[in-house]
Undergrad: 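Sharing a structure here in structure tokens format.
On a predicted model such as this, the values are computed, not experimentally measured, just so you know. Values reported hereafter were calculated over all heavy atoms of this structure, with side chains retained and with hydrogens, waters and symmetry mates removed. Throughout, a chain's letter reflects where its sequence line sits, starting with A, and its residues are numbered from 1.
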Amino acid sequence: MVTMNIDEKIQKIEEGTLEVIDTAELKDVLEKDQPIAYTGYEPSGKIHLGHAVTVQKLKTLQNLGFKIKILLADYHAYLNGKGELDEIRKTAEYNMKCFKALGLDETTDFILGSSFQLEPSYSDKVYKLATLTTLKRARRSMDQVSRHDDNPKVASVIYPIMQTVDMDALDVDIALGGMEQRKIQMLARENLEKLGANVPVCIHTPLLHGLDGDAKMSSSKGNFIAIDDSVEEITKKINKSYCPQGEIEDNPMIEIAETFVYPNQEKLLIKRPEKFGGDIELTHEELLNDFANGELHPMDLKNGIKDFLIEYLAPVREYMEE
RNA sequence: CCCGCCUUAGCUCAAUUUGGCAGAGCGUUGGACUGUAGAUCCAAAUGUUGCUGGUUCAAGUCCGGCAGGCGGGACCA
């Protein structure tokens with residue numbers, strides 16, 4: 001573990017996030033011996049690059065001395081209409097392997113939601129929050145999280161309340177999630193206060209655009225690269241991806257570069273045929289400039305990203321094959 | 001518990017008053033055009049018409065039963 005002072009740690013934690021609520025509280029957390037950071041995931045048939053954004057941040061926290069708890073939120077997935085519990089639990093097993101493959105070490109706790117969410121003391125808090133939370137507020141918090149349903153279920157308002165009690169039950173100092181979690185997390189901060197429980201620092205990471213240019217990469221839309229996709233699948237998906245020439249805003253290829261390439265290495269190698277200028281290595285800044293002014297062709301960018309991802313995800317594929 | 005309405009392709013919906021080969025748009029897939037994708041153009045695929053029984057030469061369509069959903073009523077001695 002690298003020695004850093006608190007400000008350096010804060011900078012490292014905030015890097016690549018959209019917000020930390022709030023930084024002053026984070027400072028207090030960093031004074032603790034072994035603070036706890038957690039992220040909850042609904043078990044999903046495929047773990048993709050969007051999940052990897054938060055996992056990458058959890059790894060950073062782990063390196064900074066945090067205890068990492070990953071909630072395999074089986075009941076949450078169930079409440080969100082993802083299927084029957086026994087199926088969801090099988091998926092959770094698979095997901096745990098995926099998270100380990102992404103490089104979280106053996107000190108990481110993987111906790112199945114149902115292993116503690118049926119405790120009387122847990123239920124008691126859920127009921128208490130149910131009396132303190134308005135229907136509108138609970139539903140609004142689920143806007144970006146609920147699976148679309150023409151006939152919304154009561155389950156959808158129990159969901160954010162449980163997520164709140166999870167933070168208390170798991171004794172977390174940091175709650176990390178994608179930006180779609182924001183409203184639930186803010187509700188949780190208010191509600192934990194009301195329970196007299198510890199209020200965690202909330203950290204939100206940006207959402208990756210889908211490969212089709214859609215605002216969100218998601219399992220249900222099929223516009224993702226899974227962390228255990230084969231070389232052929234990665235190649236095919238990158239080739240099919242949305243990538244407008246010269247456009248660096250909302251461009252999924254640029255986003256992948258900024259999210260996974262440059263936090264991990266200085267330059268990106270792009271192989272090009274001689275007639276298009278030959279191979280080049282670009283820094284973050286050079287890549288943005290060259291792409292924006294048209295010197296870097298989308299197909300070349302794609303090839304660079306594709307080669308990077310194939311290599312970046314190689315350890316994951318190997319781990320998953322065992 | 002009672003009454004009414006709804007259920008057709010992955011999605012949104014058509015299918016004439018009066019039963020006659022189940023369709024369109026979007027999406028998907030393939031091709032054309034671009035040194036990528038998208039856009040555009042061309043082409044293709046996809047159905048247990050919620051389930052079930054019946055009437056009929058013939059049922060998405062008419063009749064019965066069931067399920068799910070929506071709305072209302074009743075109950076509130």
Undergrad: Reading nucleotides 42-47 of chain B 5' to 3', which nucleotides get B (base under 4.0 Å from a protein heavy atom), which S (sugar-phosphate only), which -?
TA: ------
Undergrad: Measure from the side-chain heavy atoms of A:Gln245 and tell me the nearest of B:rC70, B:rG35, B:rU36.
TA: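 Minimum distance to the A:Gln245 side chain belongs to B:rU36.
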Undergrad: Write down the distance separating the C1' atoms in B:rU49 and B:rG19, rounded off to the nearest Å.
TA: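 Here B:rU49 and B:rG19 have their C1' atoms 15 Å from each other.
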Undergrad: Among the candidates B:rU36, B:rC70, B:rA37, find the nucleotide nearest to the side-chain atoms of A:Pro244.
TA: B:rA37
Undergrad: In whole angstrom, give me the gap between the C1' atoms of B:rC26 and B:rG64.
TA: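 Their C1' atoms lie roughly 38 Å apart.
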Undergrad: Measure the CD-CG distance between A:Glu286 and A:Asn289 for me, rounded to the nearest 0.5 Å.
TA: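 Reported value, rounded in 0.5 Å steps: 8.0 Å.
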Undergrad: Determine the interatomic distance between P on B:rA24 and the same-named atom on B:rA14; round to the nearest Å.
TA: 16 Å
Undergrad: Assess the side chains of A:Glu14 and A:Thr23: does a donor N or O sit below 3.5 Å from an acceptor N or O?
TA: yes
Undergrad: What's the gap between B:rU40 and B:rG72 when it is taken at their P atoms, as a whole Å value?
TA: 43 Å
Undergrad: A:Tyr242 on top of B:rG38's base, within under 5.5 Å and under 30°?
TA: no
Undergrad: Among side-chain atoms of A:His284 and A:Glu258, is any donor-acceptor pair under 3.5 angstrom?
TA: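 Yes - a donor-acceptor pair under 3.5 Å links their side chains.
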Undergrad: For a quick check of understanding: with a heavy-atom distance under 4.0 Å over all strands, which category does A:Asp300 fall into, base, sugar-phosphate or nothing?
TA: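 Touches a base.
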Undergrad: When you get a sec, tell me which of B:rA37, B:rU36, B:rC70 is the closest nucleotide to the side chain of A:Asn151?
TA: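 Between B:rA37, B:rU36, B:rC70, the one nearest the side chain of A:Asn151 would be B:rC70.
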Undergrad: Report yes if some heavy atom in the side chain of A:Asp279 is under 4.5 Å from a heavy atom in the side chain of A:Ile270; otherwise report no.
TA: no
Undergrad: Could you work out, with side-chain hydrogen bond (donor to acceptor under 3.5 Å, both in side chains) as the rule, every residue matching A:Ser219, not counting sequence neighbours?
TA: A:Ser44
Undergrad: Using the P atom in both, what is the distance from B:rC42 to B:rC33, to the nearest Å?
TA: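 Nearest-Å result for B:rC42 against B:rC33 at atom P: 16 Å.
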Undergrad: Under the salt bridge (Lys or Arg N to Asp or Glu O under 4.0 Å) definition, can you give me all pairs with a residue in residues 185-201 of chain A, not counting sequence neighbours?
TA: A:Glu25-A:Arg189, A:Arg137-A:Glu190
Undergrad: Cut-off 3.5 Å, side chains only: do A:Ser114 and A:Asp74 have a donor facing an acceptor?
TA: yes
Undergrad: Hey, does the side chain of A:Asn303 come within less than 4.0 Å of B:rU36's phosphate (OP1/OP2), counting only N and O?
TA: no
Undergrad: In dot-bracket form, 5' to 3', how is RNA chain B paired? Count Watson-Crick and G-U wobble pairs only if both distances fall under 3.5 Å, and write | where the partner sits on another strand.
TA: (((((((..((((......[..)))).(((((.......))))).....(((((..]....))))))))))))....
Undergrad: Going by number, which of residues 231-241 of chain A have a non-hydrogen atom under 4.0 Å from RNA chain B?
TA: A:Asn239, A:Lys240, A:Ser241
Undergrad: Taking atom P in both B:rU36 and B:rG60, compute the distance separating them and give it to the nearest angstrom.
TA: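 These two P atoms come out 48 Å apart once rounded.
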Undergrad: What pairs meet the side-chain hydrogen bond (donor to acceptor under 3.5 Å, both in side chains) rule with one or both residues in residues 308-322 of chain A, with sequence neighbours excluded?
TA: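 For residues 308-322 of chain A: A:Gln56-A:Tyr312.
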